[in-house]
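Here's the structure, in structure tokens; my notes come after.
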Amino acid sequence: MSKYEKLKKSKSLSDLANLLGYSPKGFAYILYKIPEEKKYTEFSIPKKMGGKRDIKAPTDKLKLLQKHLSDLLYECYYEINKNNKPISHGFLKKQSIFENAIKHKNKRYVFNVDLFNFFPSINFGRVYGFFIKNKHFALHHKVATVIAQIACHNNELPQGSPCSPIISNLIGHLLDIRMVQLAKKAKCTYSRYADDLTFSTNKKDFPSQIALNTENNHWTAGDTLKNEIEKVGFYININKTNMQYRTSRQTTTGLVVNKFVNIKKEYYKKARSMCHSLFQSGEFYIEKMPSINESNESYELETIKDNEIKGSLHQLEGILSFIYQIKSKKNRKDATNKRRYNPNAITKLYREFLFYKHFFSLCMPLVIFEGGTDKTYIKCALENLESQYNELIEKKDNKFEYKISFLRMSKNLKDVFAIPEGTSALKVIIEYYQQKYMKRFKGEGMNYPVILLLDTDDGTDEIQKLLKKKDFNDPFCKVVDNLYVVYISDKKGLEIEQLFEDKVLKTKINGKPFNPKKLHGDESEYGKKIFSEKVIKENMSNINFDNFKPIFDKFKLVISDYRK
């Protein structure tokens, strides 16, 4: 029975508590024993277009409960709508402002409407009533009451609660149905992203039931549109309606939609300017307002001017990632080699930033592996041998504190650098280093080495040719700048798994033997991922990691060499 079906069968607080992973007593404590004034922290953030947005952030215990409720309702939503295309594009998997905007590209008219106080307009009664009356839920009145008590504060959906987005989407679906019907009659295209409604058309005259052109070419929402929105309990923000013509720049949810979906030029120019400042001086400044998606980050940074603060790498990466994702949507057919050797402007800029962040601006030595399981082996070995390698790891208050870091090969990183899987990935990193990327950066940086850890099997032949090195006898190889190569052994033909004792390698799981070269889909054996998690990680206290000591000794030599 799915959680959706269990929710529909629930009849009490205890049933809902169990479904959300709580004991009834602990569940009731959060809801009824914590004083209302201590459940939320309230603050404001500036809006892009002026004014402030009030955020009511739940305290940790309530936030976790709301997150569990959010996960449950999302699971229900996707089960209910598994065969339906979404009308709303906010707060959903595989949906974004791009999917919202693309529906309105290359249109004669684009009309944008903003709903007034979207979250706060959804009160306790609406939440309670929805879960009782909606045909997909039709919950017991006690369960609907508890859901509304979890979700609402001061008789409204608070902006800052993890469950407000999904509940607003569920309740907003009735609005979407009415808007789709109205748009169909008017021969328009409709979409919604949270509280932003957009209508577009190629008709010669824009339908008057949706928008009217009043005096001085000022457009206002039509009576039919206003009435339909108000029938379902929402209201139009009259200060945020605008009509855009094909002859001027048309935008939807912050994206340009004239011929294809794109970023505003000034937004990209600001990002480029911030990168230039970062690369030249090691710092940059950012406008004292949220980025295009209006995150609720509090920006507790040094204020430089009334409208600027000192920016962080995290903020700039978010901006560049956003621009890259939007611009790369129309360049998906670019081959890997084209992206690597002939990158477009945003790929080149984002690549430089990621190189700066991961390889230039380091706060400790960085280790990069051939495969994802190598990291598990090294971490388990280090924790097991912690007392012998305090230069690399230290145990404090029963927790391990690493003094080296490990590169996470994120999807964006692999895509932007056009990095393949396995050993070839490390070869690509060496090639970028050899293109003198470090020469682009000034200021404080390159304080720590970057170490590529390699097997000694045939897969490393390409890298050995690149380095013009034919043996593994040296403890390390200095490549260029702060880049080093370390091999797992001085013996030819070894993979890192061979550093484990035979009895470990022969461990069977459900009667299946381990094969490091297991083919995908072969059910008679298990591969590296299961071996690293189920055999090594779960039994690390009983495994002999002595064969890993030479690797850690080499790490220490590299760090010492670079420190000189």
* Can Asn258 and Tyr245 be counted as having a side-chain donor-acceptor contact under 3.5 angstrom? -> no
* **For the student: nearest non-hydrogen atoms of Ala271 and Leu320, plus distance** => CB-CD2, 4.2 Å
* Structure fact -> Scanning both residues in full, the closest heavy-atom pair of Cys163 with Ser70 reads CA-CB, 3.9 Å
* Does Asp54 reach the side chain of Glu42, with side-chain heavy atoms less than 4.5 Å apart? -> no
* Are side-chain N/O atoms of Asp415 and Tyr324 paired as donor and acceptor at under 3.5 Å? -> yes
* To do: With rounding to the nearest 0.5 Å, note down the distance linking CG in Leu20 to CG in Asp71.
  => 9.5 Å
* Measure the CG-OG distance between Leu278 and Ser361 for me, rounded to the nearest 0.5 Å. => 7.5 Å
* **Over 12 non-hydrogen atoms of neighbours within 6.0 angstrom of NZ in Lys39** => yes
* Asked: Quick one: does Gln250's side chain have a donor or acceptor within less than 3.5 Å of a partner on Val256's backbone?
  -> no
* Asked: Would you find more than 12 non-hydrogen atoms of other residues, nucleotides or ligands less than 6.0 Å from Lys67 atom NZ?
  -> no
* Asked: Side-chain donor-acceptor pair under 3.5 Å between Ser164 and Gln159, yes or no?
  -> no
* Asked: Backbone N or O of Trp219 within a donor-acceptor pair of the Thr214 side chain at under 3.5 Å?
  -> no
* What's the spacing between Leu65 CG and Ile34 CD1 if we round to 0.5 Å? -> 9.5 Å
* Just by distance, do the side chain of Ser168 and the backbone of Phe119 share a donor-acceptor pair under 3.5 Å? -> no
* To do: Using a 4.5 Å cut-off on heavy atoms from C-beta on, say whether the side chain of His89 contacts that of Ile97.
  => no
* To do: Please assess Asn100 against Ser191 for the test side chain to side chain donor-acceptor pair (under 3.5 Å), listing each intermediate value before the final yes or no.
  => CA-CA 6 Å; Asn100 182 74; Ser191 70; 2.8 Å; yes
* Dump the intermediate steps for side chain to side chain contact (heavy atoms under 4.5 Å, CB included) on Phe27 and Leu16, then the final yes or no. => CA-CA 9 Å; Phe27 191 81; Leu16 183 60; 4.2 Å; yes
* So, are Lys269 and Glu266 salt-bridged, with charged N and O less than 4.0 Å apart? -> no
* Neighbour count >12 (heavy atoms, 6.0 Å) for atom CG, Asn84 -> yes
* Asked: Of all heavy-atom pairs between Tyr437 and Arg351, which one has the smallest distance, and what is that distance?
  -> OH-CD, 3.1 Å
* Donor-acceptor under 3.5 Å (Thr201 side chain, Lys203 main chain) -> yes
* Asked: Taking side chain as C-beta onward, heavy atoms only, is Phe137 less than 4.5 Å from Cys76?
  -> yes
* Looking only at atom types and distance, does a side-chain atom of Gln315 sit under 3.5 Å from a main-chain N or O of Ser312, one as donor and one as acceptor? -> yes
* Please lay out, stage by stage, how Lys226 and Tyr235 fare under the test side chain to side chain contact (heavy atoms under 4.5 Å, CB included). => CA-CA 7 Å; Lys226 285 192 289 187; Tyr235 296 90; over 6 Å; no
* Do Ile210 and Thr224 come within less than 4.5 Å of each other through their side chains, counting heavy atoms only? -> no
* To do: Verify side chain to side chain donor-acceptor pair (under 3.5 Å) between Gln325 and Asn412, making sure each step is shown before the conclusion.
  => CA-CA 9 Å; Gln325 292 302 326; Asn412 268 9; 2.7 Å; yes
* Asked: Minimum heavy-atom separation for Ser10 to His140, with atom names?
  -> O-CB, 3.5 Å
* Please assess Ser88 against Asp176 for the test side chain to side chain donor-acceptor pair (under 3.5 Å), listing each intermediate value before the final yes or no. => CA-CA 7 Å; Ser88 171; Asp176 292 330; 4.7 Å; no
* Mind checking whether Leu64 and Asp60 have side chains closer than 4.5 Å, heavy atoms only? -> no
* To do: Kindly say whether the aromatic ring centers of Tyr356 and Phe441 come within a distance under 6.0 Å.
  => yes
* Look only at the side chain of Asn237 and the backbone of Asn239, and say whether a donor-acceptor pair between them is shorter than 3.5 Å. => yes
* **Candidate pair Phe234 and Leu174, rule side chain to side chain contact (heavy atoms under 4.5 Å, CB included), full reasoning** => CA-CA 11 Å; Phe234 295 105; Leu174 181 57; over 6 Å; no
* Would you verify whether the NZ or CZ of Lys327 falls within 45 degrees of the ring axis of Tyr268 while also being under 6.0 Å from that six-membered ring's centre? => yes
* Asked: Do you see a donor-acceptor pair shorter than 3.5 Å between the side chains of Gln95 and Tyr193?
  -> no
* To do: Quick one: pull up NZ in Lys105 and CG in Leu255 and give me the separation to the nearest 0.5 Å.
  => 13.0 Å
* Sub-3.5 Å donor-acceptor pair from the side chain of Asn112 to the main-chain atoms of Thr251, do we have one? -> yes
* Asked: Is the Phe355 to Phe360 ring centre distance short of 6.0 Å?
  -> no
* To do: Write down the atom of His104, the atom of Val110, and the distance for their closest heavy-atom approach.
  => O-CG2, 4.0 Å
* Rounded to the nearest 0.5 Å, what separation is found between the CG atom of Leu92 and the CG atom of Asn81? -> 9.0 Å
* Run the ring-centre check on His153 versus Tyr40 and record whether the distance is less than 6.0 Å. => yes
* Between His68 and Tyr22, is the ring centre distance below 6.0 Å? -> yes
* Between the main-chain N or O of Asn117 and the side-chain N or O of Ser121, is there a donor-acceptor pair closer than 3.5 Å? -> yes
* Asked: Side chains of Ser161 and Lys56: do they bring a donor and an acceptor to under 3.5 Å?
  -> no
* To do: Answer whether the closest heavy-atom distance between the side chains of Val143 and Phe131 falls below 4.5 Å.
  => no
* To do: Show your reasoning for whether side chain to side chain contact (heavy atoms under 4.5 Å, CB included) applies to Lys38 and Thr59.
  => CA-CA 8 Å; Lys38 292 186 178 180; Thr59 52; 5.8 Å; no
* Six-ring centre of Phe124, Arg126 cation under 6.0 angstrom, axis tolerance 45° -> no
* Mind checking the NE2-CZ spacing from His173 to Arg192? Nearest 0.5 Å is all I need. => 9.5 Å
* Whether over 12 other heavy atoms sit under 6.0 Å from Leu313 CG -> yes
* To do: Could you check if a side-chain atom of Phe279 sits within less than 4.5 angstrom of a side-chain atom of Lys442, using non-hydrogen atoms only?
  => no
* Asked: Have Ser277 and Glu283 got a donor and an acceptor in their side chains that come within less than 3.5 Å?
  -> no
* To do: Verify, without hydrogens or angle tests, whether Asn202 (side chain) and Arg108 (backbone) share a donor-acceptor contact under 3.5 angstrom.
  => yes
* Can you name the one residue among Ile229, Asp223, Asn227 that meets side-chain contact (heavy atoms from CB on, under 4.5 Å) with Leu225? -> Ile229
* **Lys8 and Glu5 ion-paired at < 4.0 Å** => no
* For Ala186 and Pro207, work out which heavy atoms get closest and say how close. => O-CG, 3.3 Å
* Verify ring-ring contact (aromatic ring centres under 6.0 Å, His included) between Tyr190 and Phe199, making sure each step is shown before the conclusion. => CA-CA 5 Å; Tyr190 163 79; Phe199 297 86; 5.2 Å; yes
